Amino acid sequence: MGFEKVIEEARESVRKIIPPGIDITDIDFEGPIVVIYTKNMDEFAKNNDLVRQLAQGLRRRVSIRPDPSLLASHEEAEAKIRKIIPAEAQITNIYFEQDTGEVTIEALSPGLVIGKQGSVLNEIKKEIGWAPKVSRAPPIPSKTVTEIRNYLRYIDEDRKAFLRKVGRRLARPRSTEETWLRLTSLGGYREVGRSATLITTRESKILVDCGVSVSNDNGGSTPYFNAPELLPMDSIDAVVITQAHLDHCGLVPALFKYGYDGPVYCTPPTRDLMSLLQLDYIKVSFGEGKKSPYDSGNIRDVVTHCIPLKYSETTDISPDVRLTFHNAGHILGSAICHFHVGDGLYNVALSGDIKFEKSWLFNAAVNKFPRLETLVIESTYGGFHDMQPSRQEAGQELKDIAGRTLSRNGKVIIPVFAVGRSQEVMLVIEELMRTNAIPKAPVYLDGMIWEATAIHTAYPEYLNSQLRTQVFQTGQNPFLSDIFKRVDSPDMRERICHDPEPCMVLATSGMMNGGPVMEYFKEWADNPLNSLIFVGFQAEGTMGRKIQKGWNELMMNDHGKQINISVKMSIETVDGFSGHSDRRQLMNFIATLDPKPERIVVNHGEEHKCLDLAGSVYKKFGIETRAPMNLETIRLK
Ligand SMILES: [Zn+2]
């Protein structure tokens, strides 16, 4: 059955469902969505059930859009919007999405844009034809979010063509032969880093994650791209990304360099954070004189090919696979991917990195699914002894150390990853200083922390509800507290380094493998009044690990020359801030899983942790478990 036939069939189904008075002007496939253009948007607005019936009849997601002839030009529409909306609403941005016929109005007081019972919005809609959406202006502007939005507007036509191509590929006819399902481990099994898993069915190939091991330079840093299952690159139907950390997405741009041209599915915040971290990755590689595996053009390719999906939004990603993302609780936008294969044939979920505890930033990971036969689960802290203190205990310990140090006029350095830990630590410090639990002092943020925080405030719906409310209550947004100072130039860093006053510094890199944190450390290490606090995992071989182990004489590169650093500052470690579940939380996640799967595959952990967790799960729950090595294939069905 050719594509024309598929479109014809869709037209036929639409005709059957839509009452005769409604004028349908065109039907198209855009990525996973069937788009229906009409001159009677009002009829659809009046009858919500119509869209549901269409989605059911077409067995796809449906988007109803106004016929382009009904839409006012951008200039005309913008002028009218500004005339209708009262000035007190304080519009900060207006952007049009040509491919959806929607206009987003961003304002400081969104209530005034909506009007009483939507009166203002209704008037706008009547005047300009575009469907108005309202969003609250993010409290901290993000350069990344703005640039990506501008870029997407600029490539509007290319993107439309791309979405049509994906739509056509998705609508290709399915074979009627016996079907099966396999999972191939291409990286991140019995190790942490370079995560990559291939899911293959009779019909399609899905690559989940494509990471890089950043602490590993001698081979072994990329997934097994040359595995025969994966090649050629253009045989892959979809790439799915669980989260923005580089061990999960660091090599996605390289796929485009080597011939992949299909869609990348991830949540909207993952798309933005991933671009930020990938750009930093090539910058850091360049700075270290290493060849980067791709350039910024390939990072743009990823954005162009990205199809963002929110949590709980189910979507076809190949003729026989449907994907749904669920909150994973690890970092902003991190997702558990649930795949429904065939028509009720099989269900498999990949946990990615999960936190099964409510944190200061996010809700606990989801572990309820409509159906589930196999679960793939991480085991970073899956060893028998991998217990971590609770969030509360961690906060208490941070309070003690920071309080002690600031009271004796010392300085505190906290090395952090830009995304995840730094925002948690910021929230804890803000509360401690606001409630006078520790002395008030400036908290300097150096590295990409500010920008990563801005992206967090652009996606409040991904934060836990308590924080979401705080972020939007004027004067209460903890990220905007005046204790936080953004370090935006080398001069400012230099001044802070030599300032005698007590202060705290949150700076990258998290494992002290370079980055601005080193400048503060070199300057302050020899003073016993100061403290260095580790809040994240320090991998073997990193500078952070050496310092944590108590090395007190260190040779370091200082702008080209070797210098000797003697460490007299107090070295502390506060556990409990991790974005990973500890052993107890992993076991709880499985104990309360609904439904119980028939098989559990363990990955993303050092070899003995994978084996330890797999063994314990089998013993405790009687579920078949596997801890495959890289390059193994398991037949699931
Ligand atoms: Zn990871």
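Here the structure is a predicted model, which means the values were calculated and not measured.
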With side chains defined as the heavy atoms from C-beta onward, is the minimum distance between M569 and F521 less than 4.5 Å? yes
If you define the side chain from C-beta out and look only at heavy atoms, does anything of I94 sit under 4.5 Å from R82? yes
Between the CG atom in N477 and the CD1 atom in I140, the distance rounded to the nearest 0.5 Å is 5.5 Å
Are S570 and E572 close enough that a side-chain donor and a side-chain acceptor fall under 3.5 Å? yes
Might you point out which heavy atoms bring A137 and L108 nearest each other, and give the distance in Å? CB-CD2, 3.9 Å
Is the closest side-chain donor-acceptor distance between T380 and H604 under 3.5 Å? yes
Check whether any side-chain heavy atom of L532 lies under 4.5 Å from a side-chain heavy atom of V412, and answer yes or no. no
Does the Q585 side chain pair with the main chain of D582, one donor and one acceptor, at a distance under 3.5 Å? yes
Just say parallel, tilted or perpendicular for the rings of F96 and H74, cut-offs at 30° and 60°. parallel
Spell out, as yes or no, whether a donor-acceptor pair under 3.5 Å connects the side chain of R136 to the backbone of P110. no
Nearest heavy-atom contact between A328 and S351 is CB-O, 4.3 Å
Spell out, as yes or no, whether a donor-acceptor pair under 3.5 Å connects the side chain of R421 to the backbone of V535. no
Can you tell me if NZ on K358 sees more than 12 non-hydrogen neighbours from other groups inside 6.0 Å? yes
Side-chain (S581) to main-chain (F356) donor-acceptor, under 3.5 angstrom: yes
List the atom of P595, the atom of L372, and the distance in Å for their closest heavy-atom pair. CG-N, 3.6 Å
Just so I know, are the side chains of V303 and S275 near enough to count as touching, which here means a heavy-atom distance under 4.5 Å? yes
CD of E501 to NZ of K411, rounded to nearest 0.5 Å, is 7.5 Å
Distance-minimising heavy-atom pair for N409 and P502: OD1-CG, 3.5 Å
Can you give me the closest heavy-atom contact between G329 and K355, atom names plus distance? O-CB, 3.2 Å
Using the benzene-type ring in the case of Trp, are the ring centres of H330 and H248 under 6.0 Å apart? no
Closer than 3.5 angstrom, by distance alone: can the side chain of T92 be matched with the main-chain N or O of E106 as a donor-acceptor pair? yes
Testing the 3.5 Å rule here: is there a donor-acceptor pair between the side chains of N367 and H326? no
Heavy-atom check, side chain of K133 versus side chain of V103, under 4.5 Å: no
Please indicate whether K83 has more than 12 foreign heavy atoms, meaning atoms of other residues, nucleotides or ligands, lying under 6.0 Å from its NZ. no
Side-chain H-bond candidate by donor/acceptor type, T315 with R322, under 3.5 Å: no
Tell me if a side-chain donor or acceptor on Q423 pairs with a main-chain N or O of G420 at a distance below 3.5 Å. yes
Got a second to check how far L323's CG is from E313's CD, nearest 0.5 Å? 10.0 Å
How are the rings of Y462 and Y459 set relative to one another: parallel (under 30°), tilted (30 to 60°) or perpendicular (over 60°)? perpendicular
We want to know whether S135 and T104 form a side-chain donor-acceptor pair, criterion being a heavy-atom distance below 3.5 angstrom. no
Taking the side chain as every heavy atom from C-beta outward, state whether T267 and K310 have any atom pair closer than 4.5 Å. no
Looking only at side-chain N and O atoms, does D353 offer a donor or acceptor that is under 3.5 Å from a partner on Q243? yes
Does atom CD (E461) have a neighbourhood of more than 12 heavy atoms from anything else shown, all under 6.0 Å? yes
Any side-chain heavy-atom pair from I85 and L112 closer than 4.5 angstrom? no
If we ignore hydrogens and angles and just use 3.5 Å, is the side chain of D272 paired with the main-chain N or O of I455 as donor and acceptor? no
Separation between CG of N464 and CG of N363, rounded to the nearest 0.5 Å: 5.5 Å
Any donor-acceptor pair under 3.5 Å linking the side chain of S481 with the backbone of I483? yes
Would you check if the side chain of Q278 reaches a backbone N or O of C249 as a donor-acceptor pair within less than 3.5 Å? yes
CD/E431: more than 12 non-hydrogen atoms of other groups inside 6.0 Å: no
Testing the 3.5 Å rule here: is there a donor-acceptor pair between the side chains of Y95 and R149? yes
Please name the pair of heavy atoms, one in P263 and one in I307, separated by the smallest distance, quoted to 0.1 Å. CB-CD1, 3.8 Å
Applying the side-chain contact (heavy atoms from CB on, under 4.5 Å) criterion to I496, which one of M492, R493, H498 satisfies it? M492
Do side-chain atoms of N527 reach the backbone of L529 as a donor and acceptor pair under 3.5 angstrom? yes
Test item: H580 and Q388 side chains (from C-beta on) under 4.5 Å apart, heavy atoms: no
Are a donor atom and an acceptor atom from the side chains of E451 and T144 found within less than 3.5 Å of each other? yes
Report the distance from atom OH of Y265 to atom SG of C306, rounding to the nearest 0.5 Å. 10.0 Å
Is it the case that the ring center of F577 lies less than 6.0 angstrom away from the ring center of W360? yes
Between atom CD1 of I413 and atom CD of E519, what is the distance when rounded to the nearest 0.5 Å? 11.0 Å
